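See below for the structure under consideration.
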Protein chains: 2
Amino acid sequence: MGRIQVENKASRKDVIIQKAASLFKEKGYQAASMRELAESVGVEAASLYNHIHSKTELLHIICFHVANTFTDHMDAVEASKVSAIEQVEQLLRFHIKRMVQDYEQVYVSDREWKHLAEPYLSNFQNQRRTYRKRFAAIIQAGIKAGSIKKIDAPTAVLIMLHAISGIESWHRSKAKINGKELEEQMISILIGGLKQS
Amino acid sequence: MGRIQVENKASRKDVIIQKAASLFKEKGYQAASMRELAESVGVEAASLYNHIHSKTELLHIICFHVANTFTDHMDAVEASKVSAIEQVEQLLRFHIKRMVQDYEQVYVSDREWKHLAEPYLSNFQNQRRTYRKRFAAIIQAGIKAGSIKKIDAPTAVLIMLHAISGIESWHRSKAKINGKELEEQMISILIGGLKQS
DNA sequence: CCTACCGATCGGTAGG
DNA sequence: CCTACCGATCGGTAGG
């Protein structure tokens, strides 16, 4: 009985988080109200607080879930023994896939993190900054190895990550090419932009 | 006397719009309050309404000012008789320059337009969609001419425009390269990504 | 999980 | 341009 209750609770919480990501993405964190969220979950607003502590907790669950996914992937890429340009391609493909498959949470993490409360805000910014530095270091290694053209590595990171966030518009568009094709197109343009010409 | 009054009013309104862009950029449209805006202008909240009609009016002034700037530039580019790839470069350089020099308004237009009220919302979306179609048509012409590699033109537009929005992160960063250098780096990567390899 | 409710804050108005 | 104020809505709590 206790077991079932726990399972139900966990599942209910997951639904709330998923619906919150969808709502935050659509309206923005501030404009999304807990009453709207409750309605989309199918309960009264007060009932949400049996599963979560606050609205801001929902945001930081989403943001850190996404951030940790990318940090973990970076660990794996750094441990792999392929060339720098191949590491960059692995990173880009992972970003693209996350954005294609799980874009609501990724989008919210990307665009709404400003609304995090301290100390989560500082932690998130630090984690993000560290991730970008590690990404830039890989690009720098590629430049040194001669497989990537001489560019400012932090600028390249910035371009890559923001370009990928454009997949949000792809989700909205009517006549969209399929996800796999999108990935290949983006890789072609972005990796093409890094290579020596 | 009447003349001076009109001039003062116009100038005051411009200050309000500029401060609003700054505040909307920093906190998001919904999270920015009219009381905060009033404070940054140096008046009481109620006094703002002698210059503007509503909070939403501030947002649509900003969004359409930016959108019209880009639409006007597109007219000029289409009228120029250079090659498609050079037209693309002109468009990218203009976007980069706007983002470097006037990024608060451009940023707000990019990220906060969702909060526009009808009929401005639909008008804005239409204008933006039309702009992107014209941009994609130029890329398509470049593909036909053989100067741009065979890619999905709408996807390429998406990548270019979002990559440029990353300049927001550049503004925040401490150890930033200068604006002109940033422009050249971005052009090198983005135009490099479009060309035949 | 719900009903009932609270204090705070919001955009905006009246009136001078 | 200000003081005074309004109705609406917000996130969240008490109590069952």
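Throughout, protein chains are lettered first and strands after them, A, B, ... in sequence-line order, and every chain is numbered starting at 1. Keep in mind that what you see is a predicted model, and the values were worked out from it rather than measured.
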>> Using a 4.0 Å heavy-atom cut-off to protein, can you give one letter per nucleotide of nucleotides 1-14 of chain D, 5' to 3': B if the base is in contact, S if only the sugar-phosphate is, - if neither?
In response: BBB------SBBB-
> Within the side chain of A/S165, is there an N or O that forms a donor-acceptor pair under 3.5 Å with the backbone of A/H162?
Replying inline: yes
> Is A/Q30 reaching over with its side chain to a backbone N or O of B/Q30, donor-acceptor style, under 3.5 angstrom?
Replying inline: no
>> Evaluate B/M34 against B/Y49 for side-chain contact (heavy atoms from CB on, under 4.5 Å), listing each step before the verdict.
In response: CA-CA 10 Å; B/M34 296 301 275; B/Y49 293 91; 3.6 Å; yes
> What residue among B/R134, B/R128, B/R129 forms side chain to side chain contact (heavy atoms under 4.5 Å, CB included) with B/R132?
Replying inline: B/R128
> With ring centroids as reference points, do A/F135 and A/H73 lie under 6.0 angstrom apart?
Replying inline: no
>> Less than 6.0 angstrom separating the ring centers of A/H95 and A/F70, yes or no?
In response: yes
> For B/N178, which residues count as a side-chain hydrogen bond (donor to acceptor under 3.5 Å, both in side chains) partner, sequence neighbours excluded?
Replying inline: none
>> Both atom distances under 3.5 Å, Watson-Crick or G-U wobble: I'd like the secondary structure of DNA chain D as a dot-bracket string, with | for pairs made across strands.
In response: ||||||||||||||||
> Which residues satisfy the ring-ring contact (aromatic ring centres under 6.0 Å, His included) test with A/H171, sequence neighbours excluded?
Replying inline: A/Y103
> What residue pairs, at least two apart or across chains, pass salt bridge (Lys or Arg N to Asp or Glu O under 4.0 Å) with a residue in residues 39-64 of chain B?
Replying inline: none
> Should the pair A/K176-B/D152 be classified as a salt bridge under the 4.0 Å nitrogen-to-oxygen rule?
Replying inline: no
>> Using a strict heavy-atom distance below 4.0 Å, which residues from residues 107-115 of chain A are in contact with DNA chain C?
In response: none
